[in-house]
Structures are given as C-alpha cells and as structure tokens.
Amino acid sequence: QLQLVESGGGLVQPGGSLRLSCVASGLTLDTYGRGWFRQAPGKEREAVSCISSSSASRNYADSVRGRFTISRNNAKKTVYLQMNILKPVHTGLYYCAAEYLDGCTRTITRQAYEYWGPGTQLTFSS
C-alpha cells in the first residue's frame, strides 16, 4: 500500500513563502502522477497543482499560477510545492495525492487520485 506523508506546513506572514514536501513510502512507483490539494475550513477539497511522473506535464489552479511551483524528485520519492507571495486565502490543510494513471491535465480531478496523505496545515500570523 502506497503511503504519503506531507511536511513543511506552519505559520507564515502574508507575502511570505513556504515549501511543502510529500514523501512516498511502502508500495511506490516512479510513474505515479502526483498532486496537491487544499481544504479550507468549511470548504470542499480543491485542486492546487499536479505533476506527471516525468515532470513533462505540470498544471496549476488559476488562483495560484505564477505564484506556486510544483516539482518532484523521483529518486527521493518526493514531490514539492513552493508557495510564494502567500495570502490569507491560501490558508488550509494541504494534501498530497498520487494517481496510478499519471494523468496530470489542465483540469485537475480530485476523484482521479487513489492515494492521499494526512495533510499539513498552513496558517497565518498577524
């Protein structure tokens, strides 16, 4: 069974930056597509970004394009999300996900992802 664990969440000021990481363990494959999702309080989980196994395909939600950057290191079985110029609207629980079909498209579908981490929290100061 594939297991995912996020890290890097914490407290940040508006306009600040944060880098999230997600390490895979257990039954792992380099060919998994990976994605990041965010769930704000009282909201449904929504897509943030996705990346294909080779990094050839990377897509972002319109709200974060040009602000967030997704990347991966297959040797370390890790996917990253660099978040810059953060705003309070970005507050929430960030989930790492993986899909066997490796289908990172412009429209990121939550239902396509079979594996999920427990999430890491992003909160704001001041």
Side-chain angles (χ1 to χ4, degrees):
Q1 181 69 35
L2 178 65
Q3 298 171 1
L4 304 172
V5 180
E6 305 92 341
S7 63
L11 191 65
V12 67
Q13 293 181 320
S17 298
L18 207 63
R19 190 195 193 197
L20 306 182
S21 300
C22 177
V23 179
S25 62
L27 182 61
T28 61
L29 292 172
D30 293 342
T31 54
Y32 281 116
R34 306 289 291 274
W36 286 98
F37 294 77
R38 178 180 64 85
Q39 187 165 20
K43 301 284 188 178
E44 293 185 350
R45 194 173 305 181
E46 62 182 13
V48 174
S49 183
C50 67
I51 185 169
S52 63
S53 61
S54 67
S55 299
S57 180
R58 293 188 287 181
N59 288 293
Y60 300 90
D62 290 340
S63 61
V64 305
R65 188 174 295 109
R67 190 188 304 266
F68 290 7
T69 302
I70 190 170
S71 62
R72 64 189 294 164
N73 186 324
N74 289 341
K76 296 183 177 181
K77 302 182 184 299
T78 303
V79 64
Y80 308 93
L81 185 67
Q82 179 67 49
M83 305 183 293
N84 299 323
I85 319 176
L86 286 164
K87 299 179 179 180
V89 71
H90 298 127
T91 297
L93 191 63
Y94 282 77
Y95 294 92
C96 173
E99 61 167 337
Y100 183 75
L101 293 178
D102 193 24
C104 179
T105 61
R106 183 178 180 183
T107 302
I108 307 169
T109 304
R110 175 170 57 88
Q111 290 76 13
Y113 290 84
E114 296 93 356
Y115 305 97
W116 296 85
T120 185
Q121 183 68 41
L122 172 64
T123 56
F124 281 82
S125 63
S126 75

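Using a 4.5 Å heavy-atom cutoff, the side chains of K77 and S25 are not in contact. Side-chain contact check for L20 versus M83: some heavy-atom pair is nearer than 4.5 Å. At a threshold of 4.5 Å between non-hydrogen side-chain atoms, the residues Y94 and E6 do not count as touching. Annotation: side chain of C96 is in contact with side chain of V79 (closest heavy-atom distance under 4.5 Å). Annotation: side chain of T91 is not in contact with side chain of L122 (no heavy-atom distance under 4.5 Å). The side-chain heavy atoms of Y32 and Y100, taken from C-beta on, include a pair separated by under 4.5 Å. Contact check for F124 versus L86: side-chain heavy atoms found under the 4.5 Å cut-off.
In this structure, the separation between CZ on R34 and OG on S71 is 11.0 Å, given to the nearest 0.5 Å. S49 contributes atom OG, which lies 12.5 Å from atom CD of Q82 (distance to the nearest 0.5 angstrom). In this structure, the separation between CD on E99 and CZ on R110 is 13.5 Å, given to the nearest 0.5 Å.
Here the shortest heavy-atom pairing between R72 and S55 reads CG-OG, 3.4 Å. Residues T69 and R58 come closest through the heavy atom pair CG2-NH1, 4.3 Å. Scanning all heavy atoms of the two residues, the minimum distance from L18 to G10 falls at CD2-N, 3.9 Å. Smallest separation of non-hydrogen atoms from A61 and A47: CB-O, 3.6 Å.
Between the side chain of N59 and the backbone N or O of C50 there is no donor-acceptor pair closer than 3.5 Å. With hydrogens and angles ignored, the 3.5 Å screen pairs a side-chain donor or acceptor of Y60 with a backbone N or O of I70. Judged by distance alone, the side chain of N74 and the main-chain N or O of S54 form no donor-acceptor pair under 3.5 Å. Looking only at distances, no side-chain donor or acceptor of R38 sits under 3.5 Å from a matching main-chain atom of G92.
For A97, the side-chain contact (heavy atoms from CB on, under 4.5 Å) partners at least two apart in sequence or on another chain are F37, Y113, W116. With sequence neighbours excluded, no residue forms a side chain to side chain donor-acceptor pair (under 3.5 Å) with Q3.
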Item to check | side-chain contact (heavy atoms from CB on, under 4.5 Å) evaluation trace for N73 with Y80 | outcome: CA-CA 8 Å; N73 186 324; Y80 308 93; 4.1 Å; yes
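When the side chains of ILVMFWY residues are joined at heavy-atom separations under 4.5 Å, either directly or via intervening members, L101 and Y115 end up in two distinct hydrophobic clusters. Tracing side-chain contacts under 4.5 Å through hydrophobic residues (I, L, V, M, F, W, Y), one never reaches L4 starting from L93; they form parts of separate clusters.
Using modelled atom types and a 3.5 Å distance limit, the side chains of S52 and D102 yield no donor-acceptor pair.
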